[in-house]
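Report on the following structure.
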Amino acid sequence: MSSHSSSDKQALVKAIEQRILTGPGMASAELRAKSFADHDVPESLAALVDKVAKRSFQVTDADFAAAVAAGFTEDELFELVICAAVGESNRMYQAGLAALAKASA
Amino acid sequence: MRLAILNEGYSFSTRLLFSLIQLFSRQRVPDAARLTFYRPDFYGSHSKALTHEAMRGPSAWSVAERELMAAYVSNVNDCPFCIGAHRATASLAVGDEGMVATALADPDSAPISEGLRVTLRMLGKLTSQGDLSVEDVRAVLHSGVSRQQVEDALAVCYVFNVTNRLADAFGFEIPSPEGFQAGAKYLLRRGYR
């Protein structure tokens, strides 16, 4: 029963990742993957994505304005911010599960 | 919120729903809830399902303990919207606002179980440093917390690391104390679905 509920949660985490990276979107799948990884993000978007991943309390209106000025639409930014937030949280979650697997081996 | 689509980009039926909720609750629908209604197929629907499962689904952790974990992670991330929302919800669930405030500031001086105390410390380290050592997790397991409870706590930690980032980045409006209180009652009665 309890292991059933945990695998449900891990499956739901995986479903979110797969949906935002490989499902339909306004931003390209390539850009969504880069935002998720917080790696190799185009310069006009890098500040926003890196702040969302690492220090989101520092995000400002100017970060969004810079991305809009570079040609990104609001719907693309909606997706890319979600990808950055989920990506960083996902890495943490996997690191926690890996430490748990080793600790209980 | 920072994107106009998140303020105005909802369908007629969703706007009607927001108006009805506001009419009955006498509170504005919080931005955390609004966000899940924008293109829900992209993120909102999956997010609600996971959040509900992590916070209200089967677990050896009580609802109050999980709400305290949510508030604790939000505090480590310094996210005012989520701190306010989950401090209020944890306080209502525990029935002791002072205990929740103490636990957030310093778990070591709060009257909580040793298992919850070391689990909060573990979630705080994972959130601030992005990693855990085997020893970190062993310390939690040695306190009597089960492997399953560690997994359950990690899921709560994931949900609030995502939500804290979205609250900060999209600029969720901070409700009044009455708004947080109404939200807390709703979350304890209905959960996150």
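Here is how names work: the chains are called A, B, and so on, in the same order as the sequence lines, proteins then strands, and each is numbered from 1.
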Joint cluster assignment, [X] & [Y], ILVMFWY side-chain distance < 4.5 Å:
X	Y	value
Leu92(B)	Leu104(B)	no
Met55(B)	Val63(B)	no
Tyr192(B)	Leu50(B)	yes
Leu21(A)	Val13(A)	yes
Leu48(A)	Met1(B)	yes

At their closest point, which heavy atom of [X] faces which heavy atom of [Y], and how far apart are they?
X	Y	value
Glu151(B)	Gln10(A)	OE1-NE2, 2.9 Å
Glu74(A)	Leu3(B)	OE1-C, 3.5 Å
Val59(A)	Arg2(B)	O-NH2, 3.3 Å
Phe42(B)	Phe78(A)	CD2-CE2, 4.1 Å
Ser133(B)	Ala99(A)	O-CB, 3.9 Å
Phe57(A)	Asn77(B)	CD2-O, 3.8 Å

At a heavy-atom distance under 4.5 Å, which candidate from [options] has the highest pair count against chain B?
options	answer
Val52(A), Leu100(A), Val81(A)	Leu100(A)
Lys51(A), Lys54(A), Arg19(A)	Arg19(A)
Ala98(A), Ala103(A), Ser104(A), Ala95(A)	Ala103(A)

I'd like to verify something: which residue of Arg138(B), Arg147(B), Gln129(B) has the highest number of heavy-atom pairs under 4.5 Å with chain A?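 Between Arg138(B), Arg147(B), Gln129(B), the count favours Arg147(B).
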Sort out for me which of Leu123(B), Leu132(B), Val134(B), Ile5(B) touches chain A most, counting heavy-atom pairs under 4.5 Å.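 The residue among Leu123(B), Leu132(B), Val134(B), Ile5(B) with the greatest pair count is Ile5(B).
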As an exercise, state the distance from [atom1] of [X] to [atom2] of [Y], rounded to the nearest 0.5 Å.
X	Y	atom1	atom2	value
Leu12(A)	Lys48(B)	CG	NZ	14.0 Å
Lys14(A)	His46(B)	NZ	NE2	13.0 Å
Asp78(B)	Arg55(A)	CG	CZ	14.0 Å

Which portion of [X] sits near chain B, non-hydrogen atoms under 4.5 angstrom:
X	value
Ala53(A)	backbone
Glu79(A)	both
Asn90(A)	both

Is it the backbone or the side chain of Leu141(B) that comes under 4.5 Å from a heavy atom of chain A, or both, or neither?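 When you check distances to chain A, only side chain atoms of Leu141(B) fall under 4.5 Å.
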Identify which part of Ala4(B) has an atom lying under 4.5 Å from any heavy atom of chain A, answering side chain, backbone, both or neither.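 Backbone plus side chain of Ala4(B), per the 4.5 Å heavy-atom cut-off to chain A.
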Within residues 9-37 of chain B, residues adjacent to chain A where the heavy-atom gap is under 4.5 Å: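 Residues of residues 9-37 of chain B touching chain A at under 4.5 Å: Leu35(B).
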With a 4.5 Å heavy-atom cut-off (strictly below), which parts of residues 154-172 of chain B touch chain A? List them by number.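 Listed by number: Leu154(B), Ala155(B), Tyr158(B), Asn161(B), Val162(B), Asn164(B), Arg165(B), Leu166(B), Asp168(B), Ala169(B), Phe170(B).
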Flag yes if more than 12 heavy atoms outside Arg66(B) fall under 6.0 Å of its CZ atom; otherwise flag no.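 It does: Arg66(B) CZ has more than 12 such atoms within range.
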Glu114(B) CD: over 12 foreign heavy atoms closer than 6.0 Å: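 It does: Glu114(B) CD has more than 12 such atoms within range.
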